[in-house]
Amino acid sequence: MSSLRSSPEWQALARHWRTLRGTTLKQLFDADAQRGTRLTAEGAGLYLDYSKNLVTGETLRLLQKLATARGVFARRDAMFHGDKINETERRAVLHVALRAPRGERIVVDGKDVVPEVHAVLDRMAAFSDKVRLGEWRGHSGKAIRNVVSIGIGGSDLGPVMAYEALKHYSRRDMTFRFISNVDPVDFVEATRDLAAEETLFIVCSKTFTTLETLTNAHAARGWCLQQLGGNETAVAKHFVAVSTNAAEVEKFGIDTANMFGFWDWVGGRYSMDSAIGLSTMLAIGSEAFRDMLAGFHAMDEHFKTTPAERNLPLLMGLLSIWYNDFFGAQTVAVLPYAQYLKRFPAYLQQLTMESNGKHVTLDGRHVEVATGPIYWGEPGTNGQHSFYQLIHQGTRLIPCDFIGFDHSLTSMDGQHGLLMANLIAQTEALAFGKTPAQVRAEGTPEWLVPHRVCEGNRPTNTLMGERLTPHTLGALVALYEHSVFTQGAIWNIDSFDQWGVELGKQLAQKVIPQLQDSQEPKLEHDSSTNALIRRYRRARNPTAQRTLG
Ligand code: G6Q
């Protein structure tokens, strides 16, 4: 693909940015009384107000021209069609097939994958109904009351986030826990008050070779067998696996009859709606899980069919490009005004940064512009009492996504009003700030005025839904998935590989025996790494080290 920077569309945006950068949000609002209702769009049950962004109609027109010139729409259609757009791994990218309704046809390598998706969903539903009804019995004949999902990265962040987000709809008489870190503390804390005879472990690993997950799965097996009298047949009643690797699942000792599969065309960070979400289904039930899939699908359809000027993921992706590459903003803050979404920013960090943290284009050349902004955030109103200070008065531009809901899931609706008032007030304050005149009018002494001035002009998106349901959550996740896609397509990078993460998976392999061997190892690292290894060995075994001198 031709150079991004020197393309006429990019150049036009750069010229336009130079004319617009001095314009304030206040001026834009003063010039157009309808702006706050005009620059809005709706899709899949979500309302997006993007009027408080540093854009004009011309900006949006130029960004949409850029999208067309960079082949975003053709690439989107190729993804939905099952083409192998994950070029470095030569794979199709078909998380959209995970939520395709029965009867739709999506062909990969000559095979319609939708029937397989539904076959797995049906098996998951049958299994989850059995567990929830108390019909699936543990080794001692007791029903399952605790579900522990073991996985890491894409095989953990989605399930944890979804469980927290949808807790309102979950079985409160069951306990759900998640173990990801190889730090044994994670395992011990998650299991310390559980009885093995009532516990089901779901081992989630696409490859079934990941160090952390396999280590924790072995620890879980040992823990279970110890409590259940060492009888290996207990494993079948207390362990199920979610994986694409049947051979390794079998090697671990889990009957493949208790394995739920998925496919190489589902990326880890795009897998919470596959069998990786089995814990979600056990928590909220198969019907609610299908509602979540319907929400994902509604946003997929919106992305596929809605004209650019009303297309939520496209608009959000293009706005992110605008701030990242023209204003030089380095981050995006995601601020859900919904306590249930407390893990949503952590989930998005992987989705956005693992996808678009790339330094070369698909043709292997170094990118010409900054890619992958840093996504971060915390729920409001808590963040207001800490880092919002920097957003309001710091020297960096931080575009923010505010997320809120019309209705609470509690009966304390008055208190919900306080929450939403804060959301709305923050977007207003960030956009319009507080002028010196306003500060003086409050009787502020002159020396204090500059400290209390807020410049405003801080851009925000506001996303509103009716209430947080499984359907809304699906739509919200798909919205960000497709926004990430849009950005990656503009940059012409592979948003679906993760070679840096793969490297991380290999790195410790060399050091593990050097820490654990009883014989002093021959070390050939740099002097810092050698010293750290020796220090750790000495700390663990001072006597042996003294003998060795
Ligand atoms: C996701 C990444 C990564 C992956 C984990 C777990 O897109 O590739 O986060 O999900 O490393 O991998 P397994 O599922 O194979 O254990």
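We count ligands from 1, going down the list as the structure has it; atoms in each ligand are counted the same way. Along the sequence shown, the residues carry numbers beginning at 1. Here the structure is a predicted model, which is why all the values come from computation and not from measurement.
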Protein residue, atom and distance nearest to [atom], heavy-atom basis:
atom                    : value
atom 2 (C) of ligand 1  : Glu354 OE2, 2.9 Å
atom 10 (O) of ligand 1 : Gly154 N, 2.9 Å
atom 15 (O) of ligand 1 : Thr207 OG1, 2.6 Å

Going by the atom numbers of ligand 1, which of them fall below 4.0 Å from some non-hydrogen atom of [X]?
X      : answer
Ser155 : 10 (O), 13 (P), 14 (O)
Gln498 : 7 (O), 8 (O)
Thr210 : 12 (O), 13 (P), 15 (O), 16 (O)
Ser205 : 13 (P), 14 (O), 15 (O), 16 (O)

TODO: Could you check if a side-chain atom of Tyr347 sits within less than 4.5 angstrom of a side-chain atom of Tyr480, using non-hydrogen atoms only?
DONE: no
- [ ] Report yes if some N/O of Arg269 lies less than 3.5 Å from some N/O of ligand 1; otherwise report no.
- [x] yes
Open item on the list: With a 6.0 Å cut-off on the ring centroids, do Phe260 and Phe127 count as close?
Closed with: yes
TODO: Mind running salt bridge (charged side-chain N to carboxylate O under 4.0 Å, His left out) on Arg343 and Glu378 for me, showing each step along the way?
DONE: CA-CA 8 Å; Arg343 292 286 300 182; Glu378 277 288 323; over 6 Å; no
Task: From CA spacing to verdict: ring-ring contact (aromatic ring centres under 6.0 Å, His included), His218, Phe252 - done: CA-CA 8 Å; His218 280 286; Phe252 177 86; 4.8 Å; yes
Task: From Lys505, Gln350, Glu502 - option closest to atom 1 (C) of ligand 1 by heavy atom - done: Gln350
